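Single-structure report; data block below.
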Amino acid sequence: MNKQPDTASDPSAPFDHSTHQNVTRKVSVAVIGAGTAGQNAFRQAKKSVEDIIIINDGFWTTTCIAVGCMPSKLLIAAADRAHDANHSGEFGIHATAHIDGKQVMERVRAERGHFSSYIEKYVDSWSEDSKIAGRAYINKQGLIEVNDELIQADKIIVATGSSTFIPDGWADKLGDTMLTSDTVFELVDLPKSMAVIGAGAIGLELAQAFTRLGVKVTVFNRAKRVAGLKDNDINNKAIDCLSRELTMHLGSKITDIGQKLDGNIDKNIDKKNIAAFIDYEDSAGKVQQWQGDYVLVATGRRNNIDTLGVENLGVELDDKNRPKNLDKKTGKIGDLDVYIVGDANAHIPLLHVASDEGFSAGSMVCGNKKDAYIRPPATPFSIVFSSPQIVNVGMSLPDIEQDPTLEHVIGKVNFDNQGRSRVMGVNCGLLHIYGCEKTDRILGASMVGPDAEYIGHILAMAITNDLSIKDILDTPFYHPTILEALRAALRDVQDLMEIPYQSLDTQQHSS
Ligand SMILES: Cc1cc2nc3c(=O)[nH]c(=O)nc-3n(C[C@H](O)[C@H](O)[C@H](O)COP(=O)(O)OP(=O)(O)OC[C@H]3O[C@@H](n4cnc5c(N)ncnc54)[C@H](O)[C@@H]3O)c2cc1C
Ligand SMILES: NC(=O)c1ccc[n+]([C@@H]2O[C@H](COP(=O)([O-])OP(=O)(O)OC[C@H]3O[C@@H](n4cnc5c(N)ncnc54)[C@H](O)[C@@H]3O)[C@@H](O)[C@H]2O)c1
């Protein structure tokens, strides 16, 4: 794989290694990054290739386990317990939760440690000479520099993940009052107040969890949009449901940010009397200031690729640092022996995608036909674990609307009066299913609502397996379940498509 350097006089001239540092190892495959994607690539490839190495900077327990999916869901689990205890008055159950912030944070870290221990054990089982702890750089010769090694690899899998994006200057201005998803789970105790900047998946999940745990949280987002929702009705409904418990300044503009001395700040926090502040214009243009203990910056993530040197392997990046000529199933870059997988390719920065792409690239690099796993063309699917949950599956509404060949209808169901949702007191939400009139297939769906994670899985399975809407409606829906809302939305799609209803459906009038 290693590229010979360009020379001004003769670009095709063979590279003279003698004038350069000596190569310390030659391997068939090098994996850079040992998160979910990298570990899966390594696991798959080493079934067939012996001279393979994996290089990783930082912890070896994956972003998902250390600072991502798992600690965030552990925090949400505690928050939901507190919320249920504090908000059962409508059932005639009156209680006030005593929240022990230190214990909450300790459990998050202890359970995270439990999950980490499996990965640590697994990584420990790899031979010492197959793993290198250090930050890799691909030099002009296409050789991997790491620590004092210079490695020549026939094939390279880049699985370097992504990092928190912090707008310029904010880290210096906020100092110790700044939190990100990398640091927030290390809090020893719950603070009294916190601003969360960004109403994407990270911002929403953490803002709601801390609110439910008694922290006074204020969310700022520059767009009047949550979770990047592209269907305006679903976005408006999500804002309606979430703002019942979250203070959100959507459409606000942050003009300054920083820290200042404040006598009223929580003395339990080891920051002396320093408060964080945010100067902002609210959506009406009024100049305001927020002040509190911490600012959690959740303004997005960027792939770790810009300083890796992948261009020295012939990889071209677009203006958003996404590799051009990416095979979305395997991560392969054009006809190069380079694969870029997981968050590193900035295609779909989600765990299941990183996992699948890693396995596919690992199969590809060694021509491992026997155990080959190549990611099928996957149905886009995302869940935000707020309450209610926010789910998107398949094509988005703007993408469908842009394609004149896709004659579509939108089947709708509102959860406000949905039977089981009302029984459970979780009746806020809206589901839109985009149905294709010509094919009787689901093109996509967007929703905010209870049990959305399960509804999303059914929809993703239906789209992936090319089930018709009739196929799904011919499947029984148990009563009374929240999933009956899915049936109601699908029936709405059918009605709008004017496909004759299933007269034999005995469940038509149930619930
Ligand atoms: C707070 C939070 C919550 C999340 N929740 C969810 C969720 O609920 N569901 C979901 O699907 N996804 C979730 N995600 C996203 C998910 O965690 C990521 O998509 C996934 O972990 C990406 O895996 P990866 O293997 O691509 O990268 P990573 O696991 O980040 O691994 C990349 C590795 O490469 C190393 N590295 C980087 N540069 C170099 C270099 N030059 N040399 C050597 N090593 C290097 C890094 O240090 C790291 O160890 C969440 C993310 C966050 C931050
Ligand atoms: N449940 C899940 O699957 C889950 C959970 C957490 C994270 N993730 C992954 O992590 C990725 C990153 O999440 P994220 O929430 O950080 O990013 P994001 O890009 O989804 O959201 C960032 C938000 O910050 C806002 N923003 C950016 N700059 C701002 C500024 N200067 N002022 C005010 N608002 C600003 C944006 O408008 C956007 O709403 C997601 O794309 C997702 O793939 C997934």
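Just so we're clear, the structure is a prediction, and the values are computed from it rather than from any experiment. In this chain, residues are counted from 1 in sequence order. Atoms within a ligand are numbered from 1 in the order they appear, just like the ligands themselves. The analysis underlying the following values was restricted to heavy atoms, covering all of them including side chains, and did not include hydrogens, waters or symmetry mates.
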Margin query: Once ring pair (Phe, Tyr, Trp, His ring centres under 6.0 Å) is applied, what residue pairs with a partner in residues 376-399 remain, sequence neighbours excluded?
Written below: Phe381-His457

Check: Any idea which part of Ala354 is under 4.0 Å from ligand 1, heavy-atom wise: side chain, backbone, both or neither?
Finding: side chain

Next item on the list: Enumerate the atoms of ligand 2 whose separation from the nearest heavy atom of Glu205 is less than 4.0 angstrom.
Entry: 1 (N), 2 (C), 5 (C)

Notebook entry, point to check: At the 4.0 Å heavy-atom cut-off, does Phe59 count as touching ligand 1?
Noted result: yes

Check: In terms of atom number and element, which parts of ligand 1 are under 4.0 angstrom from non-hydrogen atoms of Pro349?
Finding: 15 (C), 19 (O)

Checklist line | Protein heavy atom at shortest distance from atom 34 (O) of ligand 1 | finding: Gly33 CA, 3.3 Å

Notebook entry, point to check: Under 4.0 Å from ligand 1, counting heavy atoms only, is it the side chain of Val353, its backbone, both or neither?
Noted result: neither

Margin query: Within the 4.5 Å heavy-atom criterion, are Ile138 and Ile32 side-chain neighbours or not?
Written below: yes

Margin query: So which atom in Ala209 and which in Leu75 form the shortest heavy-atom distance, rounded to 0.1 Å?
Written below: CB-CD2, 3.8 Å

Next item on the list: Establish, yes or no, whether the cationic atom of Arg301 lies under 6.0 Å from the six-membered ring centre of Phe165 and within 45° of the ring axis.
Entry: no

Checklist line | Ile383 neighbourhood, listing ligand 2 atoms whose heavy-atom distance to it stays under 4.0 Å | finding: 1 (N), 2 (C), 3 (O)

Note to self: On a heavy-atom basis, I'd like to know which of Ser163, Cys69, Ala41 is closest to atom 16 (C) of ligand 1.
What the structure shows: Cys69

Next item on the list: Report yes if some N/O of Asn221 lies less than 3.5 Å from some N/O of ligand 2; otherwise report no.
Entry: yes

Item checked: Whether Gly134 lies under 4.0 Å from ligand 1, heavy atom -> yes

Item checked: Pairs involving residues 104-127, ordered by first then second residue, that meet ring pair (Phe, Tyr, Trp, His ring centres under 6.0 Å) (sequence neighbours left out) -> Phe42-Trp126, His114-Tyr118, Tyr122-Trp126

Checklist line | Between Thr255 and Asp279, a side-chain donor and acceptor under 3.5 Å | finding: no

Notebook entry, point to check: Would you say the side chains of Tyr434 and Asp231 form a donor-acceptor pair under 3.5 Å?
Noted result: yes

Next item on the list: Taking all non-hydrogen atoms of both residues into account, name the closest pair between Gly134 and Ile55 and its distance.
Entry: O-CG2, 3.6 Å

Next item on the list: Around atom 19 (O) of ligand 1, find the nearest protein heavy atom and jot down its residue, atom name and distance.
Entry: Asp343 OD1, 2.7 Å

Checklist line | Polar side chain donor-acceptor pair, Ser127 to Ser130, under 3.5 angstrom | finding: yes

Next item on the list: Please report which non-hydrogen protein atom sits nearest to atom 46 (C) of ligand 1, along with the residue it belongs to and the distance in Å to one decimal place.
Entry: Asp57 O, 3.7 Å

Margin query: For atom 10 (C) of ligand 1, what's the nearest protein heavy-atom neighbour? Residue, atom name and distance, please.
Written below: Leu351 N, 3.6 Å

Next item on the list: Using a strict cut-off of 4.0 Å, indicate which atoms of ligand 2 neighbour a heavy atom of Phe385.
Entry: 1 (N)

Next item on the list: Return yes when Glu205 approaches ligand 1 closer than 4.0 angstrom through a heavy atom, no otherwise.
Entry: no

Item checked: Ile257, Asn221, Val219 screened by side-chain contact (heavy atoms from CB on, under 4.5 Å) with Ile197, the one that passes -> Ile257

Check: Are a donor atom and an acceptor atom from the side chains of Asp51 and Ser28 found within less than 3.5 Å of each other?
Finding: yes

Next item on the list: Kindly identify the option in Ala37, Ala159, Gly68 whose heavy atom sits closest to atom 3 (C) of ligand 1.
Entry: Gly68

Check: Side chain or backbone of Leu308 under 4.0 Å from ligand 1, or both, or neither, by non-hydrogen atoms?
Finding: side chain

Item checked: Test item, Ala298 contacting ligand 2 (heavy atom, 4.0 angstrom) -> yes

Margin query: Counting non-hydrogen protein atoms only, what is the nearest one to atom 21 (O) of ligand 1? Give residue, atom name and distance.
Written below: Cys64 N, 3.6 Å

Margin query: On a heavy-atom basis, I'd like to know which of Gly300, Ser181, Ala201 is closest to atom 4 (C) of ligand 2.
Written below: Ala201

Next item on the list: Find all atoms of ligand 2 within a distance of less than 4.0 Å from any non-hydrogen atom belonging to Gly198, and give their numbers and elements.
Entry: 23 (C), 24 (O), 25 (C)

Notebook entry, point to check: Can you check whether Trp170 has an N/O within less than 3.5 Å of an N/O in ligand 2?
Noted result: no

Next item on the list: Please write down residue, atom name and distance for the protein heavy atom closest to atom 33 (C) of ligand 1.
Entry: Asn56 OD1, 3.6 Å

Check: Nearest protein heavy atom to atom 28 (P) of ligand 1, by residue and atom, and its distance?
Finding: Thr63 OG1, 3.4 Å

Check: Quick one: which ligand 2 atoms are inside 4.0 Å of a heavy atom on Leu350?
Finding: 3 (O), 43 (O), 44 (C)

Note to self: Heavy-atom pairs closer than 4.0 Å: do any link ligand 1 to the side chain of Ser181, the backbone, both, or neither?
What the structure shows: side chain

Note to self: What protein heavy atom lies closest to atom 21 (O) of ligand 2? Include the residue and the distance to one decimal.
What the structure shows: Gly200 CA, 3.4 Å

Margin query: Please confirm whether Arg301 approaches ligand 1 to less than 4.0 Å, judged on its heavy atoms.
Written below: yes

Note to self: Can you tell me which portion of Leu350 lies within the under-4.0 Å heavy-atom range of ligand 1? Options are side chain, backbone, both, or neither.
What the structure shows: both

Margin query: Side chains of Ser162 and Asn303 only: does a donor on one sit below 3.5 Å from an acceptor on the other?
Written below: no

Check: Is the shortest distance from a heavy atom of Trp60 to ligand 1 less than 4.0 Å?
Finding: no

Item checked: Contact (N/O only, under 3.5 Å) between Val384 and ligand 2 -> no

Note to self: Please determine whether salt bridge (charged side-chain N to carboxylate O under 4.0 Å, His left out) holds for the pair Arg212 and Glu245, giving the CA-CA distance in whole Å, both sets of side-chain angles, and the decisive distance to 0.1 Å.
What the structure shows: CA-CA 8 Å; Arg212 290 182 161 199; Glu245 58 176 292; 2.7 Å; yes

Margin query: Under 4.0 Å from a heavy atom of Ile32: which atoms of ligand 1 are those, numbered in the order shown and with their elements?
Written below: 42 (N), 43 (C)

Next item on the list: Could you grab the distance from atom OG of Ser72 to atom CG of Leu74, nearest 0.5 Å is fine?
Entry: 8.0 Å

Notebook entry, point to check: Pro167 to ligand 2: N or O pair under 3.5 Å?
Noted result: no

Next item on the list: Over all heavy atoms of both residues, which pair between Ser386 and Glu205 is shortest? Give the atoms and the distance, please.
Entry: N-CG, 4.4 Å

Next item on the list: Write out the residue and atom name of the closest protein heavy atom to atom 39 (C) of ligand 1, then the distance separating them to 0.1 Å.
Entry: Thr160 CG2, 3.6 Å

Next item on the list: Scan Leu296, Leu206, Thr247, Val196 and name whichever one has a side-chain contact (heavy atoms from CB on, under 4.5 Å) with Val217.
Entry: Val196

Check: Got an N/O contact under 3.5 Å between Pro349 and ligand 2?
Finding: yes

Check: Can a donor-acceptor pair be found between the side chains of Ser355 and Thr36 at a distance below 3.5 Å?
Finding: no

